[in-house]
**Q** 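First, the structure itself, so that you have it in front of you.
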Number of protein chains: 2
Amino acid sequence: MTEEQQLNPVDGLAQLSFVIQGLLERHATAQDLSMAQVRLLGVLRDRTPTMLELARLLGLDKSSTTGLVDRAERRGLVQRAPSDTDGRSVRVSLTDGGRALVTAAAARFGAEVTDLLGLLPPADRDSLSGLISRLLVAHAAQQGTDLFAPADAET
Amino acid sequence: MTEEQQLNPVDGLAQLSFVIQGLLERHATAQDLSMAQVRLLGVLRDRTPTMLELARLLGLDKSSTTGLVDRAERRGLVQRAPSDTDGRSVRVSLTDGGRALVTAAAARFGAEVTDLLGLLPPADRDSLSGLISRLLVAHAAQQGTDLFAPADAET
DNA sequence: TATTGTTATACTCTATAACTATA
DNA sequence: TATAGTTATAGAGTATAACAATA
(Lines give C-alpha, C1' and ligand atoms only; values in the text may rest on other atoms or scores of the structure.)
Protein backbone atom coordinates (compact mmCIF):
# COMPACT_ATOMS: atom_id res chain seq x y z
CA MET A 1 0.00 0.00 0.00
CA THR A 2 3.02 2.28 0.31
CA GLU A 3 4.66 1.49 -2.99
CA GLU A 4 6.31 4.46 -4.62
CA GLN A 5 4.12 4.42 -7.65
CA GLN A 6 4.34 7.53 -9.79
CA LEU A 7 2.07 9.14 -12.33
CA ASN A 8 3.74 10.41 -15.48
CA PRO A 9 4.03 14.20 -15.45
CA VAL A 10 1.44 14.85 -18.14
CA ASP A 11 -1.22 12.69 -16.52
CA GLY A 12 -0.38 14.17 -13.14
CA LEU A 13 -0.93 17.73 -14.29
CA ALA A 14 -4.10 16.81 -16.13
CA GLN A 15 -5.51 14.92 -13.13
CA LEU A 16 -4.60 17.71 -10.76
CA SER A 17 -6.38 20.24 -12.92
CA PHE A 18 -9.49 18.07 -12.94
CA VAL A 19 -9.40 17.72 -9.16
CA ILE A 20 -9.14 21.50 -8.69
CA GLN A 21 -11.84 22.21 -11.26
CA GLY A 22 -14.00 19.64 -9.55
CA LEU A 23 -13.67 21.45 -6.23
CA LEU A 24 -14.57 24.73 -7.89
CA GLU A 25 -17.57 23.20 -9.56
CA ARG A 26 -18.83 21.65 -6.34
CA HIS A 27 -18.75 24.99 -4.59
CA ALA A 28 -20.43 26.63 -7.55
CA THR A 29 -23.33 24.22 -7.71
CA ALA A 30 -23.71 24.32 -3.92
CA GLN A 31 -24.37 28.02 -4.47
CA ASP A 32 -26.60 27.17 -7.42
CA LEU A 33 -24.14 28.88 -9.74
CA SER A 34 -22.72 27.67 -13.04
CA MET A 35 -18.99 27.89 -13.73
CA ALA A 36 -19.78 30.65 -16.21
CA GLN A 37 -21.50 32.68 -13.48
CA VAL A 38 -18.58 32.04 -11.10
CA ARG A 39 -16.14 33.32 -13.67
CA LEU A 40 -18.31 36.38 -14.25
CA LEU A 41 -18.51 37.21 -10.55
CA GLY A 42 -14.79 36.51 -10.14
CA VAL A 43 -13.85 38.88 -12.94
CA LEU A 44 -16.08 41.60 -11.48
CA ARG A 45 -14.49 41.37 -8.03
CA ASP A 46 -11.95 44.02 -8.90
CA ARG A 47 -13.29 45.57 -12.09
CA THR A 48 -16.27 47.49 -13.50
CA PRO A 49 -15.84 46.80 -17.18
CA THR A 50 -17.99 47.66 -20.18
CA MET A 51 -19.79 44.78 -21.86
CA LEU A 52 -17.13 44.60 -24.55
CA GLU A 53 -14.27 44.54 -22.05
CA LEU A 54 -16.12 41.89 -20.12
CA ALA A 55 -16.53 39.77 -23.23
CA ARG A 56 -12.79 39.99 -23.88
CA LEU A 57 -11.93 39.19 -20.25
CA LEU A 58 -14.12 36.09 -20.36
CA GLY A 59 -13.14 35.11 -23.87
CA LEU A 60 -16.76 35.16 -25.03
CA ASP A 61 -18.68 36.78 -27.85
CA LYS A 62 -20.45 39.99 -26.84
CA SER A 63 -23.84 38.39 -27.44
CA SER A 64 -22.97 35.53 -25.07
CA THR A 65 -21.97 38.12 -22.52
CA THR A 66 -25.32 39.86 -22.88
CA GLY A 67 -27.10 36.66 -21.93
CA LEU A 68 -24.73 35.85 -19.07
CA VAL A 69 -25.16 39.32 -17.56
CA ASP A 70 -28.93 39.20 -18.15
CA ARG A 71 -29.25 36.05 -16.07
CA ALA A 72 -26.94 37.32 -13.32
CA GLU A 73 -28.81 40.61 -13.23
CA ARG A 74 -32.15 38.82 -12.99
CA ARG A 75 -30.77 37.07 -9.89
CA GLY A 76 -29.64 40.35 -8.39
CA LEU A 77 -25.92 39.49 -8.52
CA VAL A 78 -24.73 42.20 -10.91
CA GLN A 79 -26.03 45.50 -12.24
CA ARG A 80 -25.70 47.54 -15.42
CA ALA A 81 -25.14 51.30 -15.39
CA PRO A 82 -24.83 53.64 -18.37
CA SER A 83 -21.32 54.95 -19.01
CA ASP A 84 -20.67 58.61 -18.15
CA THR A 85 -18.48 59.13 -21.13
CA ASP A 86 -19.99 57.08 -23.95
CA GLY A 87 -23.71 56.94 -24.57
CA ARG A 88 -23.38 53.54 -26.21
CA SER A 89 -21.52 51.91 -23.33
CA VAL A 90 -22.68 50.10 -20.24
CA ARG A 91 -20.65 49.38 -17.13
CA VAL A 92 -21.25 46.13 -15.27
CA SER A 93 -20.61 45.78 -11.53
CA LEU A 94 -21.32 43.45 -8.64
CA THR A 95 -24.25 44.20 -6.38
CA ASP A 96 -23.69 43.88 -2.63
CA GLY A 97 -25.39 40.50 -2.79
CA GLY A 98 -23.18 39.36 -5.63
CA ARG A 99 -20.07 40.47 -3.77
CA ALA A 100 -21.14 38.69 -0.60
CA LEU A 101 -21.77 35.52 -2.58
CA VAL A 102 -18.44 35.50 -4.41
CA THR A 103 -16.51 36.41 -1.27
CA ALA A 104 -18.04 33.58 0.72
CA ALA A 105 -17.54 31.10 -2.09
CA ALA A 106 -13.90 32.12 -2.55
CA ALA A 107 -13.25 31.68 1.17
CA ARG A 108 -14.71 28.19 1.20
CA PHE A 109 -12.86 27.21 -1.94
CA GLY A 110 -9.62 28.52 -0.44
CA ALA A 111 -10.17 26.52 2.71
CA GLU A 112 -10.69 23.36 0.72
CA VAL A 113 -7.61 23.81 -1.42
CA THR A 114 -5.67 24.47 1.77
CA ASP A 115 -7.02 21.21 3.15
CA LEU A 116 -5.94 19.46 -0.02
CA LEU A 117 -2.42 20.86 0.31
CA GLY A 118 -2.48 19.81 3.96
CA LEU A 119 -2.25 16.22 2.74
CA LEU A 120 1.44 16.90 2.10
CA PRO A 121 4.03 17.46 4.81
CA PRO A 122 4.76 21.18 5.31
CA ALA A 123 8.12 21.10 3.55
CA ASP A 124 6.64 19.42 0.47
CA ARG A 125 3.75 21.85 0.49
CA ASP A 126 6.10 24.81 0.37
CA SER A 127 8.17 23.24 -2.38
CA LEU A 128 5.07 22.55 -4.45
CA SER A 129 3.78 26.11 -4.08
CA GLY A 130 7.14 27.53 -5.04
CA LEU A 131 7.48 25.31 -8.08
CA ILE A 132 3.97 26.10 -9.28
CA SER A 133 4.67 29.79 -8.86
CA ARG A 134 7.83 29.53 -10.91
CA LEU A 135 6.08 27.55 -13.60
CA LEU A 136 3.25 30.08 -13.86
CA VAL A 137 5.65 33.01 -13.92
CA ALA A 138 7.64 31.37 -16.71
CA HIS A 139 4.45 30.59 -18.59
CA ALA A 140 3.13 34.13 -18.22
CA ALA A 141 6.46 35.52 -19.40
CA GLN A 142 6.34 33.27 -22.43
CA GLN A 143 2.83 34.51 -23.21
CA GLY A 144 3.99 38.08 -22.79
CA THR A 145 1.57 38.69 -19.94
CA ASP A 146 2.26 39.83 -16.40
CA LEU A 147 0.98 37.44 -13.77
CA PHE A 148 1.06 40.17 -11.16
CA ALA A 149 -0.46 43.06 -13.08
CA PRO A 150 -3.26 44.81 -11.17
CA ALA A 151 -6.71 44.26 -12.64
CA ASP A 152 -7.20 47.95 -13.44
CA ALA A 153 -4.08 47.92 -15.57
CA GLU A 154 -5.32 45.14 -17.84
CA THR A 155 -6.19 47.65 -20.57
CA MET B 1 12.09 41.76 -13.67
CA THR B 2 13.61 38.89 -11.73
CA GLU B 3 12.04 39.61 -8.36
CA GLU B 4 11.12 36.53 -6.42
CA GLN B 5 7.44 37.26 -6.42
CA GLN B 6 5.29 34.38 -5.30
CA LEU B 7 1.66 33.50 -5.77
CA ASN B 8 -0.15 32.25 -2.69
CA PRO B 9 -0.66 28.48 -2.83
CA VAL B 10 -4.42 28.59 -3.40
CA ASP B 11 -4.21 31.06 -6.27
CA GLY B 12 -1.30 29.12 -7.72
CA LEU B 13 -3.21 25.86 -7.83
CA ALA B 14 -6.31 27.55 -9.21
CA GLN B 15 -4.35 29.38 -11.91
CA LEU B 16 -2.45 26.25 -12.85
CA SER B 17 -5.67 24.31 -13.27
CA PHE B 18 -7.06 27.04 -15.53
CA VAL B 19 -3.91 26.99 -17.66
CA ILE B 20 -4.09 23.21 -18.10
CA GLN B 21 -7.82 23.25 -18.79
CA GLY B 22 -7.20 26.02 -21.29
CA LEU B 23 -4.70 23.86 -23.16
CA LEU B 24 -7.15 20.96 -23.18
CA GLU B 25 -9.90 23.18 -24.45
CA ARG B 26 -7.76 24.60 -27.25
CA HIS B 27 -6.95 21.13 -28.52
CA ALA B 28 -10.59 20.14 -28.22
CA THR B 29 -11.95 23.04 -30.23
CA ALA B 30 -9.16 22.62 -32.82
CA GLN B 31 -10.70 19.16 -33.32
CA ASP B 32 -14.16 20.70 -33.25
CA LEU B 33 -14.89 18.81 -30.03
CA SER B 34 -16.45 20.09 -26.82
CA MET B 35 -14.89 19.26 -23.46
CA ALA B 36 -17.84 16.96 -22.82
CA GLN B 37 -17.05 15.00 -25.99
CA VAL B 38 -13.35 14.88 -25.09
CA ARG B 39 -14.18 13.44 -21.69
CA LEU B 40 -16.48 10.90 -23.31
CA LEU B 41 -13.83 9.75 -25.78
CA GLY B 42 -11.20 9.74 -23.03
CA VAL B 43 -13.29 7.53 -20.80
CA LEU B 44 -13.93 5.12 -23.67
CA ARG B 45 -10.23 4.73 -24.48
CA ASP B 46 -9.93 1.75 -22.17
CA ARG B 47 -13.52 0.78 -21.42
CA THR B 48 -16.72 -0.42 -23.10
CA PRO B 49 -19.26 0.55 -20.45
CA THR B 50 -23.02 0.37 -20.40
CA MET B 51 -24.91 3.66 -20.55
CA LEU B 52 -25.42 3.63 -16.81
CA GLU B 53 -21.75 2.93 -16.07
CA LEU B 54 -20.82 5.68 -18.50
CA ALA B 55 -23.13 8.12 -16.75
CA ARG B 56 -21.49 7.31 -13.42
CA LEU B 57 -17.97 7.60 -14.87
CA LEU B 58 -18.77 11.03 -16.28
CA GLY B 59 -20.80 12.16 -13.30
CA LEU B 60 -23.84 12.85 -15.46
CA ASP B 61 -27.48 11.88 -15.39
CA LYS B 62 -28.31 8.94 -17.64
CA SER B 63 -30.50 11.15 -19.82
CA SER B 64 -27.61 13.58 -20.36
CA THR B 65 -25.47 10.62 -21.34
CA THR B 66 -28.04 9.54 -23.91
CA GLY B 67 -27.75 12.93 -25.63
CA LEU B 68 -23.96 13.01 -25.43
CA VAL B 69 -23.65 9.55 -26.95
CA ASP B 70 -26.30 10.39 -29.57
CA ARG B 71 -24.27 13.33 -30.83
CA ALA B 72 -20.97 11.42 -30.77
CA GLU B 73 -22.59 8.51 -32.59
CA ARG B 74 -24.03 10.84 -35.23
CA ARG B 75 -20.46 12.00 -35.86
CA GLY B 76 -19.20 8.44 -36.16
CA LEU B 77 -16.98 8.63 -33.06
CA VAL B 78 -18.68 6.01 -30.91
CA GLN B 79 -21.08 3.13 -31.40
CA ARG B 80 -23.79 1.39 -29.39
CA ALA B 81 -24.12 -2.39 -29.26
CA PRO B 82 -26.72 -4.45 -27.40
CA SER B 83 -25.40 -6.29 -24.35
CA ASP B 84 -24.98 -10.07 -24.67
CA THR B 85 -26.12 -10.68 -21.15
CA ASP B 86 -28.85 -8.13 -20.44
CA GLY B 87 -31.51 -7.26 -22.98
CA ARG B 88 -32.00 -3.85 -21.42
CA SER B 89 -28.35 -2.84 -21.59
CA VAL B 90 -26.28 -1.18 -24.28
CA ARG B 91 -22.49 -1.14 -24.50
CA VAL B 92 -20.79 1.96 -25.85
CA SER B 93 -17.40 1.82 -27.57
CA LEU B 94 -15.10 3.96 -29.69
CA THR B 95 -15.16 3.54 -33.44
CA ASP B 96 -11.82 3.38 -35.24
CA GLY B 97 -12.31 7.00 -36.20
CA GLY B 98 -13.06 7.98 -32.64
CA ARG B 99 -9.98 6.18 -31.39
CA ALA B 100 -7.76 7.82 -34.01
CA LEU B 101 -9.10 11.22 -33.03
CA VAL B 102 -8.61 10.81 -29.30
CA THR B 103 -5.17 9.27 -29.74
CA ALA B 104 -3.95 12.13 -31.90
CA ALA B 105 -5.44 14.73 -29.59
CA ALA B 106 -3.88 13.11 -26.51
CA ALA B 107 -0.48 13.06 -28.19
CA ARG B 108 -0.64 16.74 -29.05
CA PHE B 109 -1.90 17.65 -25.60
CA GLY B 110 0.92 15.63 -24.03
CA ALA B 111 3.50 17.39 -26.16
CA GLU B 112 2.19 20.77 -25.10
CA VAL B 113 2.15 19.94 -21.39
CA THR B 114 5.69 18.63 -21.79
CA ASP B 115 6.65 21.95 -23.38
CA LEU B 116 5.06 23.76 -20.46
CA LEU B 117 7.05 21.69 -17.98
CA GLY B 118 10.13 22.37 -20.08
CA LEU B 119 9.98 25.96 -18.83
CA LEU B 120 11.41 24.64 -15.55
CA PRO B 121 14.96 23.33 -15.12
CA PRO B 122 15.06 19.51 -15.19
CA ALA B 123 15.56 19.13 -11.45
CA ASP B 124 12.57 21.35 -10.67
CA ARG B 125 10.49 19.54 -13.23
CA ASP B 126 11.15 16.19 -11.58
CA SER B 127 10.43 17.60 -8.13
CA LEU B 128 7.14 19.06 -9.34
CA SER B 129 6.02 15.80 -10.93
CA GLY B 130 6.89 13.88 -7.81
CA LEU B 131 5.06 16.27 -5.53
CA ILE B 132 1.97 16.28 -7.71
CA SER B 133 2.00 12.49 -7.76
CA ARG B 134 2.19 12.35 -3.99
CA LEU B 135 -0.58 14.89 -3.62
CA LEU B 136 -2.87 12.97 -5.97
CA VAL B 137 -2.11 9.67 -4.29
CA ALA B 138 -2.92 11.15 -0.90
CA HIS B 139 -6.09 12.70 -2.27
CA ALA B 140 -7.20 9.46 -3.88
CA ALA B 141 -6.52 7.60 -0.64
CA GLN B 142 -8.60 10.11 1.27
CA GLN B 143 -11.45 9.62 -1.20
CA GLY B 144 -11.12 5.88 -0.82
CA THR B 145 -10.31 5.42 -4.50
CA ASP B 146 -7.27 3.83 -6.07
CA LEU B 147 -5.45 6.13 -8.47
CA PHE B 148 -3.78 3.18 -10.14
CA ALA B 149 -6.69 0.78 -10.46
CA PRO B 150 -7.03 -0.56 -14.01
CA ALA B 151 -10.04 0.81 -15.85
CA ASP B 152 -11.68 -2.62 -16.16
CA ALA B 153 -11.66 -3.02 -12.39
CA GLU B 154 -13.57 0.19 -11.74
CA THR B 155 -16.82 -1.71 -11.54
C1' DT C 1 -41.55 -4.67 -8.99
C1' DA C 2 -37.01 -2.98 -10.12
C1' DT C 3 -33.67 -1.67 -13.57
C1' DT C 4 -31.96 0.12 -18.17
C1' DG C 5 -32.36 3.27 -21.38
C1' DT C 6 -34.92 6.83 -24.10
C1' DT C 7 -38.12 10.68 -24.66
C1' DA C 8 -40.30 15.10 -23.42
C1' DT C 9 -39.35 19.32 -21.67
C1' DA C 10 -36.89 23.25 -19.84
C1' DC C 11 -32.97 26.04 -18.76
C1' DT C 12 -28.04 27.61 -19.27
C1' DC C 13 -24.36 28.63 -22.26
C1' DT C 14 -22.39 29.65 -26.55
C1' DA C 15 -22.00 31.50 -31.40
C1' DT C 16 -23.38 33.94 -35.88
C1' DA C 17 -25.96 37.33 -38.10
C1' DA C 18 -28.93 41.17 -38.14
C1' DC C 19 -30.42 45.14 -35.90
C1' DT C 20 -30.59 49.81 -32.96
C1' DA C 21 -28.52 53.67 -31.05
C1' DT C 22 -24.70 56.50 -30.43
C1' DA C 23 -20.11 58.34 -31.93
C1' DT D 1 -19.21 54.89 -41.30
C1' DA D 2 -17.70 52.62 -37.15
C1' DT D 3 -18.60 51.03 -32.49
C1' DA D 4 -21.40 49.27 -28.30
C1' DG D 5 -24.83 46.58 -27.19
C1' DT D 6 -29.10 43.76 -27.87
C1' DT D 7 -32.11 40.55 -30.30
C1' DA D 8 -33.18 36.49 -33.15
C1' DT D 9 -32.02 32.08 -33.82
C1' DA D 10 -29.72 27.64 -33.48
C1' DG D 11 -27.23 24.02 -31.30
C1' DA D 12 -24.70 21.66 -27.33
C1' DG D 13 -25.00 20.31 -22.67
C1' DT D 14 -27.38 19.44 -18.51
C1' DA D 15 -31.31 17.93 -15.33
C1' DT D 16 -36.05 16.16 -13.85
C1' DA D 17 -39.94 13.48 -14.76
C1' DA D 18 -42.44 10.21 -17.36
C1' DC D 19 -42.23 6.26 -20.22
C1' DA D 20 -41.14 1.46 -22.63
C1' DA D 21 -38.80 -2.77 -22.52
C1' DT D 22 -36.56 -6.24 -20.01
C1' DA D 23 -35.27 -8.68 -15.67
Side-chain angles (χ1 to χ4, degrees), chain A residues 21-22 24-26 28-44 47-93 155, chain B residues 21-22 24-26 28-44 47-93 155:
Chain A
Q21 293 285 317
L24 258 179
E25 203 144 348
R26 269 209 301 125
T29 56
Q31 222 72 42
D32 201 39
L33 291 173
S34 65
M35 285 298 284
Q37 296 283 330
V38 168
R39 286 185 63 214
L40 170 62
L41 300 186
V43 159
L44 293 179
R47 293 178 192 84
T48 303
T50 65
M51 290 296 291
L52 224 54
E53 288 165 351
L54 189 53
R56 192 180 38 71
L57 286 165
L58 295 171
L60 299 176
D61 187 84
K62 55 185 178 162
S63 67
S64 309
T65 308
T66 293
L68 198 60
V69 170
D70 282 351
R71 291 184 291 274
E73 197 172 27
R74 222 178 291 141
R75 291 183 54 177
L77 302 176
V78 308
Q79 56 204 348
R80 284 175 165 99
S83 162
D84 312 331
T85 55
D86 188 330
R88 299 166 300 180
S89 268
V90 169
R91 294 227 160 247
V92 185
S93 59
T155 303
Chain B
Q21 293 286 317
L24 259 179
E25 203 144 346
R26 268 209 299 126
T29 56
Q31 223 70 43
D32 201 39
L33 291 173
S34 65
M35 285 298 284
Q37 296 284 330
V38 167
R39 287 185 64 213
L40 170 63
L41 300 186
V43 159
L44 293 178
R47 292 176 191 84
T48 302
T50 66
M51 289 297 291
L52 222 55
E53 289 166 350
L54 190 51
R56 191 180 40 69
L57 286 165
L58 295 172
L60 299 176
D61 187 84
K62 55 186 177 161
S63 66
S64 309
T65 308
T66 294
L68 198 60
V69 170
D70 282 351
R71 291 183 291 272
E73 197 172 27
R74 223 177 291 141
R75 290 183 53 177
L77 302 175
V78 309
Q79 56 204 350
R80 284 175 165 98
S83 162
D84 313 333
T85 55
D86 188 330
R88 300 167 299 179
S89 270
V90 169
R91 294 226 161 248
V92 185
S93 59
T155 304

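Chain A is the first sequence line, chain B the second, and so forth, proteins listed ahead of strands; every chain is numbered from 1. Side chains are part of it too, since the values below use all heavy atoms of this structure and drop only hydrogens, waters and symmetry mates. Just so you know, these numbers come straight off a predicted model, no measurement behind them.
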**Q** Using a 4.0 Å heavy-atom cut-off, does A/Gly87 contact any base of the nucleic acid, only the sugar-phosphate backbone, or nothing at all?
**A** sugar-phosphate
**Q** B/Lys62 versus B/Met51: any side-chain heavy-atom pair under 4.5 Å?
**A** no
**Q** Can you list the steps and then say if A/Arg88 with A/Thr50 is a side-chain contact (heavy atoms from CB on, under 4.5 Å)?
**A** CA-CA 10 Å; A/Arg88 299 166 300 180; A/Thr50 65; over 6 Å; no
**Q** Name the closest nucleotide to the B/Leu52 side chain, picking from D/dA15, D/dA12, C/dT4.
**A** C/dT4
**Q** State the CG-CG distance between A/Leu40 and A/Leu54, to the nearest 0.5 angstrom.
**A** 6.0 Å
**Q** Toward the 5' end of DNA chain D, which comes first, A/Asp86 or A/Gly67, by nearest nucleotide?
**A** A/Asp86
**Q** Between the base of C/dT4 and the side chain of B/Thr50, is there a donor-acceptor distance below 3.5 Å?
**A** no
**Q** What is the distance, to the nearest angstrom, from the CG atom on A/Asp32 to the P atom on D/dA15?
**A** 13 Å
**Q** For B/Val90 and for A/Met35, find the nucleotide of DNA chain C with the closest heavy atom, then tell me which residue's nucleotide is more 5'.
**A** B/Val90
**Q** Among the nucleotides C/dA15, D/dA15, D/dT6, which one has an atom lying closest to any side-chain atom of A/Ser64?
**A** C/dA15
**Q** Between the side-chain atoms of A/Ser89 and the base atoms of C/dT22, is any donor-acceptor pair under 3.5 Å?
**A** no
**Q** Can you figure out which of C/dA15, D/dA15, C/dT12 approaches the side chain of A/Ser63 most closely?
**A** C/dA15
**Q** Could you give the CD-to-C1' distance, from A/Gln37 to C/dT14, as a whole number of Å?
**A** 13 Å
**Q** Write down the distance between CG (A/Asp84) and P (C/dA23), rounded to a whole number of angstrom.
**A** 12 Å
**Q** Could you tell me whether the phosphate oxygens of D/dT6, OP1 or OP2, come under 4.0 Å of any side-chain nitrogen or oxygen in A/Thr66?
**A** yes
**Q** Say whether, by atom type as modelled, one donor and one acceptor occur between the side chain of A/Thr48 and the main chain of A/Leu44 under 3.5 angstrom.
**A** no
**Q** Expressed in angstrom and rounded to an integer, what is the separation of B/Asp70 atom CG from D/dT14 atom C1'?
**A** 14 Å
**Q** Touch check for B/Arg91, heavy atoms < 4.0 angstrom, all strands: base, sugar-phosphate only, or nothing?
**A** nothing
**Q** Side chain of B/Arg88, heavy atoms from C-beta onward: which of D/dA15, D/dA21, D/dA4 has the nearest atom to it?
**A** D/dA21
**Q** Can any side-chain N or O of B/Arg80 pair as donor or acceptor with the backbone N or O of B/Val90 at less than 3.5 Å?
**A** no
**Q** Find the distance B/Lys62:NZ to D/dA20:P and express it as a whole number of Å.
**A** 14 Å
**Q** Can you measure A/Met51 atom CE to D/dT7 atom P for me and round it to whole angstrom units?
**A** 10 Å
**Q** A/Leu54 CG to D/dA4 C1': how many Å, rounded?
**A** 13 Å
**Q** For D/dT6, does either OP1 or OP2 sit under 4.0 Å from a side-chain N or O belonging to A/Arg80?
**A** yes
**Q** Rounded to whole Å, how long is the line connecting atom CG of B/Leu68 with atom C1' of D/dG11?
**A** 14 Å
